[in-house]
Participant: 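I am attaching a structure below and will ask some questions about it afterwards.
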Amino acid sequence: MKIATFNINGIKARINALPDWLKEAEPDVVLLQEIKSIDENFPREIFEDMGYNVETHGQKSFNGVAILSKLPLEDVSRGLPGDDSDEQARWIEATVVGEQAVRVCGLYLPNGNPVELDQEGAPIEGGKYAYKLAWMERLHTRAKQLLEDEMPALMAGDYNIIPQPEDAARPTAWEGDALYRPESHEAWRKILNLGFTEAFRARNQAPENYSFWDYQAGAWNRNDGIRIDHFLLTPQCADLLLECKIDSEVRGREKPSDHTPVWVELAA
DNA sequence: ATGGCGGAAAGATTCCGA
């Protein structure tokens with residue numbers, strides 16, 4: 001089973017690039033982020049005609065996540081639990097029924113910039129960085145529950161986290177940024193340390209592997225990128241891991257997203 | 001350090017992302 005994650009930066013803007021990539025990459029399941037569309041406006045027929053089941057969790061203008069799957073999807077759930085007042089569409093999960101059932105969670109973790117701190121250095125309540133860290137606390141809670149289920153499960157998407165220096169072309173440029181701050185790293189490590197496997201690094205230790213390049217200043221041509229799109233696998237899912245790859249070349253095409261697809265192949 | 005680009009909604013500019 002091939003499962004991909006792809007922050008498309010707007011479904012309308014990627015109306016050609018996404019189907020083109022699907023036809024050649026042929027993933028069984030795709031977790032999409034930043035569809036930037038309400039559910040009613042998502043062009044589901046395009047993907048249904050390609051054999052995909054479509055489940056969306058959209059909102060107006062920003063954010064929005066979706067799952068495309070050639071295999072049946074069961075028990076679809078929208079929204080990350082833990083804060084009923086959170087109206088941002090950043091989480092969707094479902095069970096994919098293949099040879100084995102796999103629980104897949106698609107996420108678009110808050111960026112968190114600008115970082116606003118009080119005199120003591122604590123994130124200011126109501127600010128974007130506090131929202132990011134609070135969201136990661138809720139993610140930690142959901143992650144623990146997934147482990148308790150003891151079934152193959154994964155959480156994948158745009159984490160807006162640069163895990164290590166080797167995950168950025170210019171790591172020093174990111175010091176102090178919400179994607180690279182100590183509090184962000186601590187929250188990331190806390191989730192990993194529950195017992196998740198980060199799929200890409202389980203298969204590849206090399207630097208200069210990125211999943212995002214800014215549109216500005218020729219970042220793609222200079223390979224000035226960062227690796228922020230990740231797969232976290234439960235132990236039962238990590239046992240099924242065959243490969244994890246980044247489709248970098250997609251970033252160099254006509255009208256690209258600023259992110260590129262990342263995928264895993266599972267023996268499921 | 002900032003936001004030079006790009007997307008969306010609104011509507012000839014502003015907000016947002018990373």
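Every chain is numbered from 1, with letters handed out A, B, ... down the list of sequences. Predicted model only: the values in this text are computed from it and were never measured. The analysis underlying the following values was restricted to heavy atoms, covering all of them including side chains, and did not include hydrogens, waters or symmetry mates.
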Participant: Nearest-Å distance, CD1 (I8(A)) to P (dG6(B))?
Facilitator: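 In whole Å, dG6(B) P and I8(A) CD1 are 18 Å from each other.
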
Participant: Rounded to the Å, how far apart are Y180(A) OH and dG17(B) P?
Facilitator: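 Taking OH of Y180(A) and P of dG17(B), I get 22 Å after rounding.
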
Participant: Could you label the plane-to-plane angle of the W213(A) and W220(A) rings as parallel, tilted or perpendicular, counting under 30° as parallel and over 60° as perpendicular?
Facilitator: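 Because their plane-to-plane angle is over 60°, the rings of W213(A) and W220(A) count as perpendicular.
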
Participant: OP1 or OP2 of dG6(B) versus the side-chain N and O atoms of K12(A): is any pair under 4.0 Å?
Facilitator: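 So the side-chain polar atoms of K12(A) never come under 4.0 Å of the phosphate oxygens OP1 or OP2 of dG6(B).
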
Participant: Does some side-chain heavy atom of L73(A) sit less than 4.5 Å from a side-chain heavy atom of T95(A)?
Facilitator: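 Contact flag for T95(A)/L73(A) side chains = no.
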
Participant: Just how far, in rounded Å, is C1' of dG3(B) from CH2 of W213(A)?
Facilitator: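 These atoms are roughly 20 Å apart.
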
Participant: What integer distance in Å separates F212(A):CZ from dG6(B):P?
Facilitator: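 Going from F212(A) (CZ) to dG6(B) (P), I get 12 Å.
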
Participant: Need to verify one output field. Residue with the more 5' nearest nucleotide on DNA chain B, W174(A) or K60(A)?
Facilitator: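 By nearest-heavy-atom nucleotide position, the 5'-most residue is K60(A).
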
Participant: Rounded to the nearest Å, what distance is computed from the CZ atom of residue R251(A) to the C1' atom of nucleotide dG6(B)?
Facilitator: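 For the pair R251(A) CZ and dG6(B) C1', the rounded distance is 10 Å.
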
Participant: If the C1' atom of dT14(B) is compared with that of dG3(B), how far apart are they to the nearest Å?
Facilitator: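 About 15 Å, rounded to a whole number of Å.
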
Participant: Between Y159(A) and W188(A), what is the ring plane arrangement, given parallel below 30°, perpendicular above 60°, and tilted in between?
Facilitator: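 Geometry flag for W188(A) against Y159(A): perpendicular rings.
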
Participant: Which nucleotide, dG7(B), dC16(B), dG4(B), lies nearest any side-chain atom of K128(A)?
Facilitator: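 Nearest nucleotide to the side chain: dC16(B).
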
Participant: Find the distance N9(A):CG to dA9(B):P and express it as a whole number of Å.
Facilitator: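 To the nearest whole Å, that distance equals 12 Å.
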
Participant: Compare side-chain N and O positions of Y108(A) against OP1 and OP2 of dC16(B) and report whether any pair is under 4.0 Å apart.
Facilitator: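 So the side chain of Y108(A) is outside the cut-off, no N or O lying under 4.0 Å from OP1 or OP2 of dC16(B).
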
Participant: When the distance from CG of N7(A) to P of dG7(B) is rounded to whole Å, what number comes out?
Facilitator: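 Distance, rounded to whole Å: 12 Å.
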
Participant: Please determine whether a side-chain nitrogen or oxygen atom of K36(A) lies at a distance below 4.0 Å from atom OP1 or OP2 of dG6(B).
Facilitator: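 Looking at the OP1 and OP2 atoms of dG6(B), neither is under 4.0 Å from any side-chain N or O of K36(A).
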
Participant: Nearest to the Q216(A) side chain among dG4(B), dG17(B), dC16(B), which nucleotide is it?
Facilitator: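 The closest nucleotide is dG4(B).
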
Participant: Could you work out the separation of dA12(B) and dA1(B) based on their P atoms and round it to a whole Å?
Facilitator: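 Comparing P positions in dA12(B) and dA1(B) gives a spacing of 35 Å.
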
Participant: Tell me, please, which residues at least two apart from A153(A) pass side chain to side chain contact (heavy atoms under 4.5 Å, CB included).
Facilitator: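 With sequence neighbours excluded, A153(A) shows a side chain to side chain contact (heavy atoms under 4.5 Å, CB included) to R103(A), L146(A), T234(A), given in chain and number order.
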
Participant: Relative to the 5' end of DNA chain B, which residue comes earlier, D214(A) or R14(A), by the nucleotide with the nearest heavy atom?
Facilitator: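 That would be D214(A).
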
Participant: So what does N63(A) hit on the nucleic acid, given a heavy-atom distance under 4.0 Å: a base, only sugar-phosphate, or nothing?
Facilitator: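 Nothing, no nucleic acid heavy atom in range.
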
Participant: Looking only at the side chain of A13(A) (C-beta and beyond, no hydrogens), which of the listed nucleotides dC5(B), dG7(B), dG17(B) gets closest?
Facilitator: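 Of the candidates, dG7(B) comes closest.
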
Participant: Taking DNA chain B as the partner, which of residues 160-172 of chain A come within under 4.0 angstrom of it by heavy atom?
Facilitator: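 Here the set is N160(A).
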
Participant: From OH of Y131(A) over to P of dG17(B), roughly how many Å is that when rounded to an integer?
Facilitator: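 Taking OH of Y131(A) and P of dG17(B), I get 10 Å after rounding.
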
Participant: Examine the side chains of Y129(A) and S184(A) and answer whether a donor and an acceptor come within less than 3.5 Å of each other.
Facilitator: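 Note: Y129(A) and S184(A) side chains meet the donor-acceptor criterion.
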
Participant: Looking at dG17(B), I'd like to know if its phosphate oxygens (OP1 or OP2) sit under 4.0 Å from a side-chain N or O belonging to N111(A).
Facilitator: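 No, because none of the side-chain N or O atoms of N111(A) sits under 4.0 Å from OP1 or OP2 of dG17(B).
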
